[in-house]
Structures are given as C-alpha cells and as structure tokens.
Number of protein chains: 4
Amino acid sequence: MAEVTQEGIQSKRQAIIEAALDIFAKQGYEETTIAQIAAAAGVAVGTVYLYFHNKREIYTQASIDWTKRMAAALRDPRILSLPVQQVPRAMIETVFRLCHQNSNMMSIFQVDIQSSEELQQHREAEGAITGAVDAFLRSTVESGQLAPFDTMMYAKILFGMVHSALFECFCVQEGRFEEAIQENTIEIVERLFFGPPIASGQRKASIRDERDAL
Amino acid sequence: MAEVTQEGIQSKRQAIIEAALDIFAKQGYEETTIAQIAAAAGVAVGTVYLYFHNKREIYTQASIDWTKRMAAALRDPRILSLPVQQVPRAMIETVFRLCHQNSNMMSIFQVDIQSSEELQQHREAEGAITGAVDAFLRSTVESGQLAPFDTMMYAKILFGMVHSALFECFCVQEGRFEEAIQENTIEIVERLFFGPPIASGQRKASIRDERDAL
Amino acid sequence: MAEVTQEGIQSKRQAIIEAALDIFAKQGYEETTIAQIAAAAGVAVGTVYLYFHNKREIYTQASIDWTKRMAAALRDPRILSLPVQQVPRAMIETVFRLCHQNSNMMSIFQVDIQSSEELQQHREAEGAITGAVDAFLRSTVESGQLAPFDTMMYAKILFGMVHSALFECFCVQEGRFEEAIQENTIEIVERLFFGPPIASGQRKASIRDERDAL
Amino acid sequence: MAEVTQEGIQSKRQAIIEAALDIFAKQGYEETTIAQIAAAAGVAVGTVYLYFHNKREIYTQASIDWTKRMAAALRDPRILSLPVQQVPRAMIETVFRLCHQNSNMMSIFQVDIQSSEELQQHREAEGAITGAVDAFLRSTVESGQLAPFDTMMYAKILFGMVHSALFECFCVQEGRFEEAIQENTIEIVERLFFGPPIASGQRKASIRDERDAL
DNA sequence: AATGAATGAGAGTTCATTCAT
DNA sequence: AATGAATGAACTCTCATTCAT
C-alpha cells in the first residue's frame, strides 16, 4: 500500500514533468505558467507545489529528464555493439531521431543556469551524455582502435557540436535541411576519427610537412 | 551641430546597448529590468524607449551588436593573410580572446527567437560570422588547398562547435580550463582539416610527438 | 457549501462592482485606478482580475449594473398600476429619487463606447430602460388612452431628456435646483402627453388647474 | 506688425484647437496624445505648451469652441426671423446638420468636468446655447405667442433632449436613423409648443389639421 | 494529499510636461 | 517664439506562491 502511494506520487510527479517538458519546449521558460503546466498534467496549481518547490525546480527537473533520455538513447547496447566505424553515425542519427520525434524539445536547453546548485545538476545531467560518449571513446582507445586523446574533452566538445547542430536544425531552421545538417555532422565526426582529413587530396603528405615546419 | 546631435544620439543609443549587453550577460534576459539598463546607461527609463520600441528590441540589437563584433574579429586581414594551416588556430584563439575579455558575454546568445523578424535579424548576424568562416573555407577550396565540401554547412556546424565550447568554457565552467578547452577545440579542427584522423593507430606515437613539439 | 462558495463569489464580484461604481462616479473612469477599486472592495488587486478581464470590463459591468437598477425601478408595479396621467410624474420622480440617493452616480453614463461588444451590452442595458418606458407607452396606446405614435423612439428621446436633466441636476449643478429641474421636466412630459401646448395662450389658466389637481 | 504677430499667434492657437477637436472627437480624451495634436496642428510638442497650460485646457477650449459654433448656428438671423411655428424645426435641423457635417464631434461633450473652473467655463459655453434658445422663447412669450413658462429651464431641458438625441444618433447609432431621430425630436418639440397633446386619441385627424394649420 | 481562490510585488510601457538650445 | 529630446511618475496587468478548506 505504501508502495502504491509511492507509485501514485511518482506517476503524478512524472506527469507534471512531462507536461512541463512539453510546454516549456513549445513556449519557453518565462512564457510558461504554472497554471498551464498544472492543467496539462491534470492536477491543481497547488498540487504542483507538493512535488516541486518552485518553477525553476520544475524546469531543472524537466530539463534533466530530457537530458537523461538522450543519455539513455546513447547508451543503447545496439549502438555500442556496432563496429567502431559505425558508432558515430549511429549515435548522431539516434539523437537526431529523438529530437525529430520530440520536435521542439531542443529549446529546453536554452535557459541559463542561475544558481550553483542548478549548475551542479546540469553538469550531472550533461555528464550523463558526455559520459556515454566518453565511455565509448575510452573503450576504443583502450582496445587500440583509436589513438589516445583527451576523450572526455573531445566528448564534450563534439557533443556541443552535435547539440548546436540539433538546435540549428530543429529550433532555428524548424526541421528544414534536417538530412543535410545530420549528414554533414556525421561526415565531420567520421572524418575526424577515421579520415582522411579534408586537406588530403594528393598532397596530404606535403601538408604534413608544412605543419611540421610551423 | 547637426553632427553633434547625430553623434549624441548614436552615443546614447550605443550607451544603452552596451549597458544592456553587460546586464543581460550578467543576469539573463528575464532577470534584467529596463530600469537597470537605464540606470547603467545613465539615462531615464523613458529615454530607453526613445531608441527602442520594447525590451526584446534592446536584447536583439545588443545581441546583434555582439555578434557583429565577433564577425569583425574573424574578418581581420591579419588572420586571413596567414598560411591556411594557421588560420583555424588563429580564428579560434581570436574568439576565445574576445570572450575572455568580455567574460560573461557569451550567455547573450541564449534567448530563443520569438518572431520571424527576430529570426531574420539573428540569421543575418550569425550569417556574418559563419559567412566569414565560409569565405575562408571557400577560398581554400578554390585555391586547391582543401578538397571540395559543403563549406557553408561546415562553417555553421564548426562555428556551432566553437560557440558551444565557448559557452561551456565561459558560462558553465566560468573560465576554468580555458586553455584545455581552447586547445582541444583547435586540435579537433586542425585534425579535421589537416589530419591525420584519430583512428590511424599505427602512427600514434609520432602524432603525440608532433603535438608535443608544437 | 457549494452555495456558500457561489454566494461568496457573487458577493465578492458584487463588492467590486459596487466599489467601482462609487469610485468611477466620484472620479471618472480614467482617474480611477484598479488599486483604489480593490482597496474599496476590500480585496487585493489580483483578485479584481479574477472576476474581470480588465478595467473597461469593470466599468462596463458597473455601468450596466446601475442602468439595470434604474430599469428595475421604472418597472415597479406600483408605478404601472397608477392612472395613466400620473405615470410620467411617478417615473421621473423615481429616477430623480434614485439619483438623489446615489448622488454622484450619474456620471457613470459618461464614458464613450469603444468596442462593438461594449456597444451591444450598453444597448441592452439602456434598452431595459427605454423598453420599460416603451412598454408603458404602448399599453396606453393599445388601450386607446394615447393616440398612436412611434413609442420606442419617443421613449428613447424622452429618456434622453430626463437623463440629461439628471446629469445637469446631479453632475453639473451638484444637486442644486433639484426641485425646479424635476418639476419642469415633469411639466414638459405631462404637457406633451396630456397638454395643452404652450402656444394655446387662452387655455393657460386651465392647464394650471389641471396640474394643481394632480 | 504687432497685429500680424497677434494674428499669427491666434491662428496657431486656433490650428491647435481645431486639430485637438478633430482628434478628441475621433479617439476620446485619454486616447489622444499631445504629440498627435501637435503633429496634426503642424507644430512641435513644446509649442502646444506655449498656448495652453496643460492637456485638459486644450480639451476645455476645444470643447467650448465647438459649443460656440453650435450657439452661433442657433443665433442665425435666418432662423430667428422665421414664423414662430417654424423655429423649432429650423433649430433642430440646424444642429443635426452641424453634427452630420462634423460627424463624430458629438463625443466631445463626453468628458466629465473636474475642476470648478472648468465647470464655470462649461456653464458659460453651454449657456451660450441655452441662452440662444432661451432668448427665442422669451421673445415669443413677450410677444404673446407662447404662454409664460420658465423659459430658461425649458431651454436647458429641451436642449438636453436634443443633445442626447444627437448623441444617440451620431455616437451610438453612428448616423443610422438620422432622419427618424431628427423628425421625432422635432415632432416632440412642436407638439409641446403647438400641440395637440398625444392623449387626444379620438381627435387624431384633427391633430394633423392643426399641425398643417401652423 | 489535493485544491484553487486569493494575494501583492513587480514588470513593461506610456506620455504629459519640461527646458536647454 | 519654437523645438523635441529627455524625463520619471504612475498606470494596468501578470503570475509565482500561499494557505484555508
């Protein structure tokens, strides 16, 4: 019985988060009112405050919830069991698909962090994503499939790139050029990991020379 | 005298934009009040409305102003006259330096677009940046220094990556790890353009050596 | 309990209308602030907006409320059961008495209509008054006590006259000459319906007699 | 030259009044800004304040200006030289025509008086109208064409009626039913002065005869 | 636990008025 | 006399938060 209540609490909490996620994504943080979230979640305004202390906490939790979904998608064993060369494409296609399905949910990343506690939570949530990417990168390095490099930093920077491409694709361009943006993003990552570099052509060696000369 | 007035008007408008830029960057859009901007600009509240129709217009203009500064920095002839291999590093160092100087100004990119007019203005402003990068990329392709590719799309995606790295660096990490983030970002771009890809495991040692040598 | 709530809501709404009516009458529409109305009604500013969408709606409702009181007073069976010759006096005395009691409430008619919806509401409310007068006039015509004429138009024009006399009496003259204005207004209407016309100089004495007899 | 300046001043003052009259009539008092009036009058905002102390003074003067035009129209010798029986129709037709030409200028009477000084000025202005009517009524009484009555009070009440009919006609009904409202208003006044009263039911035919005989 | 009516601080915005030029 | 940029008080309206039920 306690468990049932527990579940009831959790489902109501989750309903609020999902309603919030949806409305925040559509309207942005400031334009969303608690009344709207409550109505969409099928509860009263006061009830929202039983589960969250204030509006920002709802936002933070919703944002983290969405980030966790991304991280979970990236940890999909079906992706990680692929040959290394196919993983970048699989990961990027996965996040594009996720955003495509939850079309305007990208804007959920747009609110700036205000308290250090929030920062901590956001870091943890983003860490789940970059951690997933990092885990993959590290494993490939360890197995000798990739040369050693700062995997965590690369994971962060590359996820930043993908994230920014997703934002451009689904927020700025509103879904137009999805194919082109996705494919070019994949191309960049694949080229970075598996080459050849753009400069290659026939003169790849000589470029090397020039760089060495610097 | 007309010129003085003209200058006076422009300086007052500029003072408001600069005050706004500063406070928006510090506090975020919603947390910033017109009264604060007016006070910081040394004018009365009503005066702000002589130069801007509403709060969002101030934000948009301030944001564009900042974007233009970035674009201008990237168009610096001293960068473009460098050997191709040195340009990515020069560009990335430039924007990192600009953000370092205007520390918390990165967050100015964070507000989502609300009207199609705003979208148009933001596109133009961002287009100035990606256009600068694109111009460089195209010229290198045309001169045969780089193999052909979708330069505009690459410019957008890569600027997205750098921008997201800047945000991570100056907003999330508040300046910590600046060196590491900057260097890894440069490394990724250089590797992409001038290789070798990370996967070329057998040459691992030499790459390391080269990097250490730089 | 539902009834209590219902009553509570209605009483609060009514309290706001009454407070508004009072302050609008004293100060005029534009000079009245929501804060004043809220204070006078004993509620918070926000509460006012729970019952009305905006300031004009408060005004419109208050204005209609007052018009309805007038209409109700004119429909008093005690008036309508009087002999026809006594009805005009009774009606005019009634509205003068009502305005006397709610001294400065006349000015509530002074704001011009702005939306077609408002126009519709005002027409309905004023229609309640002129309708009451018209109903009386029509019944007298139907019973042959008055010759046929455009009863609705007469009702409107004559109510306009009385209303304007009330405004002159209670707004412009601030209650002075109440007796004289009222009596002359009654005299005009009685003369119009039951004559003789002013021009019939020879019957002057008999008119006096008839009036004295009432 | 001083005279020229004097004329210049007067013409500029008059230009402001006329611009104000027009815009007040169209938009109402509060919705009209000094900037609009200045623009319409072809002067700078500051200039308006050279001729009027504040916004209400402009309104008051404009309102008085319009009232004076009405009064002047009613004092037209062509009206006063008519046979007594034709004067009411002539006067009412005159004011309807004036309002028809300056269609929405009726609403200029709608703002309530706020200071006793304003009250005084409005009384004087309205006195010019009712005085004109009163003068006519008195002269007819003195010449024995009408029986004695409180001419001033009648003038006020009847002008109130006509004014209210004008408001109904041009503000509420926006010009519809102009003919019907005007004719019924005339009929009421003619009946009042020259009879017979409506109550003379069985004698309807003879009423017509009497009216034709006037 | 759940409700939703009530709150009231605080925001953006307007515009009559001023005054240095 | 004429200007119009600058002012800032004051307004309406919103909505996160509370709390009696």
Side-chain angles (χ1 to χ4, degrees), chain A residues 5 8-9 12-13 29-39 41-59, chain B residues 1-2 4-5 8-9 12-13 30-39 41-58, chain C residues 1 4-5 8-9 12-13 30-39 41-58, chain D residues 5 8-9 12-13 29-39 42-59:
Chain A
T5 307
I9 286 174
K12 203 158 272 189
R13 196 189 139 92
Y29 179 76
E30 294 293 341
E31 282 66 38
T32 299
T33 69
I34 302 292
Q36 288 176 325
I37 294 173
V43 299
V45 170
T47 307
V48 174
Y49 283 86
L50 291 177
Y51 297 95
F52 302 91
H53 290 94
N54 52 44
K55 189 181 175 184
R56 278 204 76 84
E57 191 177 311
I58 306 171
Y59 175 79
Chain B
M1 174 130 155
V4 170
T5 306
I9 286 174
K12 200 156 276 190
R13 195 189 138 93
E30 298 291 344
E31 282 66 38
T32 300
T33 69
I34 303 294
Q36 288 175 326
I37 294 173
V43 298
V45 169
T47 307
V48 173
Y49 284 89
L50 287 179
Y51 298 96
F52 303 91
H53 290 96
N54 50 46
K55 190 182 175 184
R56 278 203 78 81
E57 191 175 309
I58 306 172
Chain C
M1 177 138 151
V4 170
T5 305
I9 286 175
K12 202 156 274 188
R13 196 190 138 93
E30 298 291 346
E31 282 66 37
T32 299
T33 69
I34 303 294
Q36 288 175 326
I37 294 173
V43 298
V45 170
T47 307
V48 173
Y49 285 90
L50 286 180
Y51 297 96
F52 304 91
H53 290 96
N54 52 46
K55 190 181 173 183
R56 278 203 76 81
E57 191 176 309
I58 306 172
Chain D
T5 306
I9 286 174
K12 202 159 273 192
R13 196 188 138 91
Y29 179 77
E30 294 292 342
E31 282 65 38
T32 299
T33 68
I34 301 293
Q36 287 175 325
I37 294 173
V43 299
V45 169
T47 307
V48 173
Y49 282 86
L50 292 177
Y51 297 96
F52 303 91
H53 290 95
N54 52 43
K55 190 182 174 184
R56 279 203 76 83
E57 190 176 310
I58 307 171
Y59 174 78

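The model shown is predicted, which means the values in this text are computed figures rather than measured ones. Proteins get letters first, then strands, A, B, ... in listed order; numbering begins at 1 in each.
- Between the CG atom of D/Leu50 and the C1' atom of E/dA16 there is a distance of 15 Å, given to the nearest Å.
- At whole-Å resolution of the value, CD in D/Glu31 and P in F/dC11 are 16 Å apart.
- Atom OH of A/Tyr59 is separated from atom CD1 of A/Ile37 by 11.5 Å, given to the nearest 0.5 angstrom.
- Taking 4.0 angstrom as the limit, A/Tyr51 places a side-chain polar atom (N or O) nearer than this to OP1 or OP2 of E/dA2.
- In terms of heavy atoms, A/Ala35 sits closest to A/Val45 at CA-CG2, 4.0 Å.
- Per the geometry, CD1 belonging to B/Ile58 stands 11 Å off C1' belonging to E/dT13, to the nearest Å.
- Regarding A/Ile37, its CD1 atom lies at a distance of 11 Å from the P atom of F/dT17, rounded to whole Å.
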Annotated structure of DNA chain F as dot-bracket, pair cut-off 3.5 Å, Watson-Crick or G-U only, | for inter-strand, is .||||||||||||||||||||
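- Between C/Phe52 and C/Glu57, the shortest heavy-atom contact is CA-OE2, 3.7 Å.
- In this structure, D/Tyr51 contributes its side chain and D/Ile58 its backbone to no donor-acceptor pair below 3.5 Å.
- Distance B/Phe52 CZ to E/dT13 P: 13 Å, rounded to the nearest Å.
- Nearest nucleotide to the side chain of C/Ala44, out of E/dG8, E/dA5, F/dA6: E/dG8.
- Judged as a side-chain contact (heavy atoms from CB on, under 4.5 Å), and not counting sequence neighbours, the contacts of A/Ala44 are A/Thr47.
- Shortest non-hydrogen contact noted between D/Glu31 and D/Gln36 is O-OE1, 3.6 Å.
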Scan nucleotides 12-14 of chain F against the protein and return all N/O pairs shorter than 3.5 Å with their distances rounded to 0.1 Å.
| residue | atom | partner | partner atom | Å |
| --- | --- | --- | --- | --- |
| F/dT12 | OP1 | C/Thr32 | O | 3.3 |
| F/dT12 | OP1 | C/Lys55 | NZ | 2.8 |
| F/dT12 | OP2 | C/Ile34 | N | 3.2 |
| F/dC13 | OP2 | C/Tyr49 | OH | 2.8 |
| F/dC13 | OP2 | C/Lys55 | N | 3.0 |

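- In this structure, the separation between NZ on A/Lys55 and OH on A/Tyr29 is 5.0 Å, given to the nearest 0.5 Å.
- The shortest non-hydrogen separation linking D/Asn54 to D/Tyr49 is CA-CE2, 4.1 Å.
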